[in-house]
Number of protein chains: 2
Amino acid sequence: MERESDYRERLKKSGLKYTKHRTAILAILAQSEPPLAAEQIYLALRERGLPANLSTVYRTIETLAEKNLLKKRSLIGDSRVLFEYNRAHHSHYLVCLGCKKMLPIRRCPLGDYEEKLERETNYTIAGHNLDVYGYCPDCREKGHRGN
Amino acid sequence: MERESDYRERLKKSGLKYTKHRTAILAILAQSEPPLAAEQIYLALRERGLPANLSTVYRTIETLAEKNLLKKRSLIGDSRVLFEYNRAHHSHYLVCLGCKKMLPIRRCPLGDYEEKLERETNYTIAGHNLDVYGYCPDCREKGHRGN
DNA sequence: TTTACTGCAAACGGTTTGCAAAAGG
DNA sequence: CCTTTTGCAAACCGTTTGCAGTAAA
């Protein structure tokens with residue numbers, strides 16, 4: 001787990017000023033396994049005793065994503081944009097269509113596919129987005145009704 | 001290429017009434033390689049001389065997606081929902097971060113990964129969503145500025 | 001003739017923006 | 001100080017909804 005000074009360092013390297021909100025947002029996302037939406041981050045900040053305006057949250061996460069400290073994601077059937085701490089090793093999710101739970105898939109099934117695709121297409125590959133959808137055992141028993 | 005009567009048949013099988021708009025929307029999406037957003041479909045309908053209200057377009061594509069005649073998609077950095085004709089063999093896209101062009105990837109790199117994941121997790125897998133992002137040769141030369 | 005579909009206009013929800021005040025370096 | 005960041009309120013934009021009228025079966 002990273003300390004506050006680590007986040008401070010990261011912000012500095014990205015040419016961003018240090019603020020309590022930015023540090024807290026980085027910490028919140030670093031400690032959250034699943035990606036979070038702006039409002040969830042907003043609520044988490046309140047819980048930490050560092051309430052911020054919603055628009056500040058939006059601006060901050062957008063800035064952090066531009067600097068590649070965070071990654072943007074989105075799920076089918078959810079109009080919100082989700083943000084995830086940009087970890088060294090990326091992870092995918094198996095999303096339950098019933099209860100929306102996100103089960104991390106630690107090993108990326110693509111392997112060295114990106115390099116292969118790069119050679120085949122002559123594109124410069126930047127990354128990929130993969131989510132698998134299905135029903136968890138609980139929701140399947142409940143007849144796909146979800147939570 | 002399918003004929004109007006084919007679409008009519010599909011609608012009937014799904015318990016949906018036949019309307020010119022629905023048929024046209026199916027045809028528009030069947031003929032479009034990349035997925036389209038509601039407004040693009042709305043415009044394509046006007047071009048075909050079958051103008052429909054935007055809310056009708058939204059309602060129709062949602063209905064068709066529920067019946068699995070269409071598939072929903074979404075791309076990072078685009079808040080719109082895209083709709084794609086549900087073809088027998090699914091396809092992924094290599095999306096240029098510069099010009100947003102979508103290059104179809106015909107062979108799914110996941111192979112039989114879903115079955116493997118199903119056994120490992122005891123979930124019932126319904127499908128997956130995969131997009132690869134990068135820069136096409138043109139945009140790379142322009143220094144990632146895009147169009 | 002009953003049920004499903006459509007158009008219209010208004011509402012909605014997540015996100016963005018302009019501006020003045022506050023805080024970081 | 002000078003520049004960035006923040007709060008606030010209003011705008012934005014893609015999407016959804018209620019309702020009355022119209023078309024399919």
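Every chain is numbered from 1, with letters handed out A, B, ... down the list of sequences. Note: hydrogens, waters and symmetry copies are ignored here, and every other heavy atom, side chains too, is used.
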Next on the checklist: Rounded to whole Å, how long is the line connecting atom CG of A:Leu11 with atom P of D:dT6?
Outcome noted: 10 Å

Item to check | Span of DNA chain C, from the first to the last nucleotide whose atoms fall under 4.0 Å of chain A heavy atoms | outcome: C:dG14 to C:dG25

Next on the checklist: Using whole Å, what does the distance between atom C1' of nucleotide D:dT6 and atom CZ of A:Arg22 come to?
Outcome noted: 10 Å

Next on the checklist: Using whole Å, what does the distance between atom C1' of nucleotide D:dT6 and atom CG of A:Leu45 come to?
Outcome noted: 13 Å

Checklist entry - How would you list all residue pairs meeting salt bridge (Lys or Arg N to Asp or Glu O under 4.0 Å) that involve residues 27-42 of chain B, not counting sequence neighbours? => result B:Glu33-B:Arg106

Checklist outcome for this item: Separation of D:dA25 atom P from B:Lys12 atom NZ, nearest Å, is 8 Å

Item to check | B:Arg140 to B:Tyr135 six-membered ring, cation-pi geometry met (6.0 Å, 45°) | outcome: no

Checklist entry - Using rotation axes that map the C1' atoms of four end pairs onto the next four (five pairs an end), what angle separates the end axes of the helix from C:dT1-D:dA25 to C:dG25-D:dC1, to 10°? => result 40°

Checklist entry - Atom OG1 of B:Thr19 and atom CD1 of B:Ile25: how far apart are they, to the nearest 0.5 Å? => result 7.5 Å

Item to check | Shared hydrophobic cluster, B:Leu110 / A:Tyr93 (ILVMFWY, side-chain heavy atoms < 4.5 Å) | outcome: no

Item to check | Whole-Å distance separating the CG atom of A:Leu54 from the C1' atom of D:dA10 | outcome: 15 Å

Next on the checklist: Are B:His92 and A:His128, when compared by the centres of their aromatic rings, separated by less than 6.0 Å?
Outcome noted: no

Next on the checklist: Tell me the interatomic distance from B:Arg80, atom CZ, to D:dT16, atom P, rounded to whole angstroms.
Outcome noted: 14 Å

Item to check | First encountered from the 5' end of DNA chain D, between B:Ser55 and B:Tyr18 | outcome: B:Ser55

Next on the checklist: Within the 4.0 Å heavy-atom criterion, would you say A:Ala37 contacts the bases, only the backbone, or no part of the nucleic acid?
Outcome noted: nothing

Checklist entry - Can B:Tyr42 be reached from B:Tyr85 by stepping across I, L, V, M, F, W or Y side chains whose heavy atoms are under 4.5 Å apart? => result yes

Checklist entry - CD1 of B:Ile61 versus P of D:dG14: gap in Å, rounded? => result 13 Å

Next on the checklist: Hydrophobic clusters here meaning ILVMFWY residues chained together by side-chain heavy-atom distances under 4.5 Å, can you tell me if B:Leu45 and B:Tyr7 are in one?
Outcome noted: yes

Item to check | Neighbour count >12 (heavy atoms, 6.0 Å) for atom CZ, A:Arg87 | outcome: yes

Checklist entry - DNA chain D: B:Ser79 or B:Arg59, which has the more 5' nearest nucleotide? => result B:Ser79

Checklist entry - When the distance from NE2 of B:His21 to P of D:dT22 is rounded to whole Å, what number comes out? => result 15 Å

Checklist entry - Do A:Ile76 and B:Tyr123 belong to the same hydrophobic cluster, where Ile, Leu, Val, Met, Phe, Trp and Tyr are linked whenever their side-chain heavy atoms lie under 4.5 Å apart, directly or via other members? => result no

Next on the checklist: With nearest nucleotide decided by heavy atoms, which residue, A:Glu39 or A:Thr19, maps closer to the 5′ end of DNA chain C?
Outcome noted: A:Glu39

